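Below, read A as the first sequence line, B as the second, and so on, with proteins coming before strands; counting in each chain starts at 1. Note that the structure is predicted; figures quoted are calculated from it, not measured.
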Amino acid sequence: MGSFYLSTPIYYASGEPHLGHAYTTILADVLARYHRRAGDDVLFLTGTDDHGQKIQEVAEEQGLTPLELCDRMAERFQAAWDDLGISNDRFIRTTEPEHKAVVGALLERLYDNGFIYESEYVGWYSVGQERYFTEKEIGPDRVDPIAGGPVTKIREKNYFFKMSLFQDRLIEQIEKNPEWIVPATRRNEVLGFLNQPLEDLSISRPRSRIHWGIPIPWDPDQVTYVWVDALTNYVTASGAIDPEATKDRRGFGDPLPSRWPCDVHLMGKDIITTHAVYWPTLLMGANLALPRKILAHGWWVVGDTKMSKSLGNVVDPLALRDRFGTDAVRWYLMREMVTGQDASYTPERFLTRYDELRNIFGNLAHRTLSMIKRYRAGTVPAAPSGGLAVETAAAVAAYRRALDGYRLHEGFAAAMDLARAANGFVETQEPWALAREPEGADELDRTLATLARTLVVLACLFEPVMPARAAELGRRLGLANIPLFEELDGMDVSGRAVRVGTPLFPRVDLG
RNA sequence: GCCGGAGUAGCUCAGUUGGUCAGAGCAGCGGAAUCAUAAUCCGCGUGUCGGGGGUUCAAGUCCCUCCUCCGGCACCA
C-alpha cells in the first residue's frame, strides 16, 4: 500500500466558487479516489486563502471583519465541494493558528539561512484603488484597469527573498526531470521564463497599508505577502514542520515524519509560475524537498474566448447538475477535456457525452440487470464469468496506465470502450435466444455471470469520476462496497441478488 | 518583438522511434435484433493529413519556407 498526497490551490476567499475552482477540485477528487481504489493511503488537500488586501477591502464593503468574510466564504466553498461530491481529507485555511505558525517558522528559516533582505519595492500604485497594479494590468497607457485613473511609480519598504540565487538549481531540476512539470507545453514555458534572469521575490508589505496578513516574525510592521503565506499551506498540511520546536528541530532540512513531499500539486495554468518557480525556490531556501509533480491544467473556453463574467459569456456546465446530476457533469468535465489542455464547452458536446453515458453504460447496466431478473429471478448465476476476460484485462490495464500518467480522458475512454465491448457481447450471445432453448441454459448462465462481473469492473473504473452512480450500481449488484483494483481478479459475483431499479442516467427531456 | 504549440473525414479529435497510419467517436445512410432508457449491434468515409519545396527506396510522421490560429513572456488565487 502506497501513499499519495495531492493538493489543489487554496482558493482566494474574496469571491464565489466557480467552474475554474470546480474543475481543479474535481480533477483532484478523481485522482484521489483513483488512488484510494488502488489501495493508496491518500491525503487530498484543498482549502481557502484567507489573507490579503482584496479580502480586507471586500470585508469592509460588506461591513464584516475580514475573518467573518472568510468564515462565510470558506463555508461556501465547502458547501460547493459537498455538492460536487468532493472527498477532500483536509480543508485548510491560512487563518488557522497552525498555518500561521508554520509560515512564521518558514520565514525564520529563510531569514536564518540568509535568503531574506530588506529593500524597496517599486511598483505602479493607484491612489484611487489603493493598490499596486502589474505592468500587464495597467497596459501601455499606464492607467488603473478598474477605474481608468492614474497610476504612479512609488517605493515602499519590503522584504525580499533571494529567489535569483536558485535559478540554476531550478533549471537543472526541470531539465533533469522531464515529467516534473506537466504537460510539456507548460514545462517549456517555465524554462522559457527562466531564460531571463530571475529577480528576487517581494514577500512582505507594510502593515500600515495591509493589516490583514501574517506578521513577519522579526518585524511586526510588515506582513507576509501572498506567496509565502499561501503556498506554504502545502507544507503545513503535510505535518513536516513543528513550529513549536526549537529552531534546529522544526523539520527543515530534516523533515519530521510527515506526508511531505507532496506527490502532485494541481492548478490552473494561470498560476504555473508561482507553483513551478516561486514555490520550489522557497522550498530550496528552506531546505525542504520539492513536490514530486506539478500539473497545470487548461481552461474551459466558450467558443474561442476565455470564460469570463465581464464578457457575459458564462455558460456554466455546473448549472447542468440540476437536470443531469452531479456525476454526469463530472463525467463531462473529465471526459471532454484532454487533461492539461484547454477545452471548449458547448451544450451540444455535453449532450453527446451524456448520451454516451446513458446509452452505452447506463443501458448496459439496465439491460443486464433486467435480464438477470427476467431469466434468473434476479440472482447472478453461479457460472464461469470469464467471457470478456481479454477485453476486461486490456481495459483495466489501459485505464490504469492512463490515470497513472494523468491522462484521465484516455482512461475513462478505455472504461467506456469496455462497456461498448460488453454491449457487443450481449448482441453476440443473444441471451434472449438462449433463454428460449433448454440446452442454452448453461451458456445463458455464463453470459449473465460475465455481464454481471463486467458491471462490477465498470463500477470500479467509473467510481473515481462518478462516485454516486457507481455506488448505486454497486448496491444494485448486491455489493457492500465497490472493489479495489487488486480485488477485481478474484471477484466472484455468483449468487448475488440484484435489483433493476430506475435507469442510472435517465433520459432528460429538454425544453 | 521574443519563445513555444497547433492546423488530419461535416463536428471533436487519435495517430510512439518515418514503411497496412489514412483512423476513432459523434452526426448521416443502410441493415440486424428485441434483453434494455426508441436504448443496442453490424456495414458504409474518393479526407490534397494547412500551402510550397526538400531528404529518403519510403513522410501527417524528418528538414526548410510561407499562411492561419493559439499560448507564454513574473509578484494577479
Side-chain angles (χ1 to χ4, degrees), chain A residues 8-15 20-21 24 48-55 94 121 123 131-137 145 158 160-161 163 183-196 198-203 205 225-227 229-231 267-275 277-278 298-299 301 304 306 336 338 341-344 346 348-349 351-353 355-356 358-360 362-375 409-410 413 416-417 420 422-435 444 447-448 451 500 502-508:
Chain A
T8 73
I10 47 174
Y11 304 115
Y12 204 52
S14 72
H21 304 122
T24 312
T48 51
D49 179 0
D50 288 352
H51 288 125
Q53 176 161 343
K54 181 84 185 214
I55 286 171
T94 54
Y121 179 81
R131 57 161 286 194
Y132 283 102
F133 287 103
T134 65
E135 290 275 354
K136 202 200 299 185
E137 284 174 318
N158 278 188
F160 283 76
F161 166 60
M163 190 160 67
T185 178
R186 299 298 156 219
R187 176 176 180 265
N188 290 339
E189 283 174 13
V190 173
L191 281 172
F193 177 85
L194 290 169
N195 240 341
Q196 300 162 347
L198 199 54
E199 290 173 16
D200 289 341
L201 185 68
S202 164
I203 58 161
R205 290 288 183 269
Y225 180 64
V226 58
W227 309 124
D229 183 346
L231 293 165
M267 77 221 62
K269 62 183 183 181
D270 49 328
I271 50 175
I272 181 68
T273 305
T274 62
H275 283 80
V277 178
Y278 302 177
W299 281 330
V301 296
D304 56 3
K306 181 177 176 292
E336 183 75 354
V338 176
Q341 297 182 15
D342 287 352
S344 81
T346 69
E348 291 74 18
R349 293 294 297 170
L351 287 176
T352 297
R353 290 306 185 192
D355 284 345
E356 167 183 56
R358 177 170 65 97
N359 296 340
I360 307 299
N363 186 47
L364 173 70
H366 203 244
R367 70 195 307 204
T368 297
L369 295 172
S370 295
M371 286 191 286
I372 293 172
K373 181 185 179 193
R374 178 190 286 243
Y375 300 135
H409 61 293
E410 205 177 298
M416 192 56 80
D417 283 344
R420 288 180 202 282
N423 276 316
F425 181 73
V426 174
E427 301 301 323
T428 305
Q429 294 297 102
E430 297 190 313
W432 47 90
L434 295 171
L444 180 56
T447 299
L448 295 178
L451 290 170
V500 180
T502 56
L504 288 174
F505 302 97
R507 187 178 177 77
V508 176

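Using N1 to N3 plus N6-O4 or O6-N4 for Watson-Crick, or N1-O2 and O6-N3 for G-U wobble, each under 3.5 Å, B/A59 pairs with nothing. The nucleotide B/G43 finds its pairing partner in B/C29, both defining distances of the Watson-Crick or G-U wobble pair being shorter than 3.5 Å. For B/G7, the paired base is B/C67 (Watson-Crick or G-U wobble, both distances below 3.5 Å). As the counterpart of B/G1, B/C73 is assigned, both hydrogen-bonding distances of the Watson-Crick or G-U wobble pattern falling under 3.5 Å. As the counterpart of B/U34, no nucleotide is assigned, since no Watson-Crick or G-U wobble pattern has both distances under 3.5 Å. With a 3.5 Å ceiling on both atom-pair distances, B/U17 lacks any Watson-Crick or G-U wobble partner. B/U12 is paired with B/A24 under the criterion used here, namely a Watson-Crick or G-U wobble arrangement in which both key atom distances are under 3.5 Å.
Between B/A36 and A/R374, a contact under 4.0 Å exists linking OP1 or OP2 to a side-chain N or O. In this model, the phosphate group of B/A39 is approached by a side-chain N or O of A/R507 to a distance below 4.0 Å at OP1 or OP2. Between B/U37 and A/N363, no contact under 4.0 Å exists linking OP1 or OP2 to a side-chain N or O.
Remark on RNA chain B: of its neighbouring residues A/R358 and A/R349, the 5'-side contact belongs to A/R349, judged by nearest-heavy-atom nucleotide. Judged by closest nucleotide on RNA chain B, A/N188 is the one of A/N188 and A/G424 placed further toward the 5' end.
Here B/C35 presents its P atom at 16 Å from CG of A/L369, a figure rounded to the nearest Å. Distance OH (A/Y12) to C1' (B/C75): 14 Å, rounded to an integer number of Å. Separating the NE2 atom of A/H275 from the C1' atom of B/C75 is a distance of 14 Å, rounded to the nearest angstrom. Rounded to an integer number of Å, the gap from A/L191 CG to B/G4 P is 11 Å. When the P atom of B/G4 is taken as reference, atom CD1 of A/I272 falls 18 Å away, rounded to whole Å. To the nearest angstrom, P of B/G4 lies 9 Å from CG of A/N195. A/R353 places its CZ atom 12 Å from the C1' atom of B/C11, with the value rounded to the nearest Å. Between A/E427 atom CD and B/U34 atom C1' the separation is 9 Å, expressed in whole Å.
For B/A77, its base never sits under 3.5 Å from the side chain of A/D49 at any donor and acceptor pair.
Spacing between B/U17 and B/G60 at atom C1', rounded to whole Å, works out to 16 Å. Nucleotides B/C57 and B/C64 have their C1' atoms positioned 22 Å apart, rounded to a whole Å. Straight-line distance between the C1' atoms of B/C49 and B/U8: roughly 4 Å, to the nearest whole Å. Taking atom P on both nucleotides, B/G45 is separated from B/A38 by 30 Å, rounded to a whole Å. A gap of 28 Å separates the P atoms of B/G5 and B/A58, to the nearest Å. Going from the C1' atom of B/U61 to that of B/A6 covers 15 Å, rounded to whole Å. With both ends at atom C1', the span from B/G72 to B/G53 equals 31 Å, rounded to whole Å. The gap from the P atom of B/U65 to that of B/G19 amounts to 25 Å, rounded to the nearest Å.
For the pair A/L191 and A/R187, the minimum side-chain heavy-atom distance is below 4.5 Å. Residues A/L201 and A/Y278 form a side-chain contact, since some pair of their non-hydrogen atoms from C-beta on lies under 4.5 Å apart. When side chains are defined from C-beta on, A/V277 counts as touching A/L198, because their heavy atoms get closer than 4.5 Å. Counting heavy atoms from C-beta on, the side chains of A/R349 and A/E336 come closer than 4.5 Å.
Contact annotation for A/D229: no contact, since no heavy-atom pair falls under 4.0 Å across all strands. A/M416 comes within contact range of no nucleotide atom at all, as no heavy-atom separation falls under 4.0 Å.
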- Message: Could you go through A/Y11 and A/D49, starting from their C-alpha distance and side-chain angles, then the distance that decides it, and tell me whether this counts as side-chain contact (heavy atoms from CB on, under 4.5 Å)?
- Response: CA-CA 5 Å; A/Y11 304 115; A/D49 179 0; over 6 Å; no

- Message: Show, in sequence, the C-alpha distance, side-chain angles and deciding distance for A/I272 and A/V190, and conclude whether the side-chain contact (heavy atoms from CB on, under 4.5 Å) test is met.
- Response: CA-CA 8 Å; A/I272 181 68; A/V190 173; 3.9 Å; yes

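Here the nucleotide nearest the side chain of A/I360, chosen from B/C73, B/C75, B/U40, is B/U40. Taking every side-chain heavy atom of A/R420 into account, B/C41 is the closest of B/U37, B/C41, B/A74. Taking the side chain of A/T352 as heavy atoms from C-beta on, and the options B/C35, B/A77, B/C26, the nearest nucleotide is B/C26. Distance from the side chain of A/R186 is smallest for B/G71 among the nucleotides B/C35, B/A77, B/G71. Among B/C75, B/G72, B/U40, the nucleotide with an atom closest to any side-chain atom of A/N423 is B/U40. In the set B/U12, B/A77, B/C35, the nucleotide with an atom closest to the side chain of A/W432 is B/C35. With distances taken from any side-chain atom of A/L201 to the nucleotides B/C75, B/U12, B/C35, the minimum falls on B/C75. Taking only side-chain atoms of A/L198, from C-beta outward, the nucleotide of B/G71, B/C75, B/A74 with the closest atom is B/A74.
A/N158 and A/R205 are linked by a side-chain donor-acceptor pair at a separation below 3.5 angstrom, with hydrogens and angles left out of the test.
Listed by chain and number, the residues in a salt bridge (charged side-chain N to carboxylate O under 4.0 Å, His left out) with A/E427 are A/R367 (sequence neighbours excluded).
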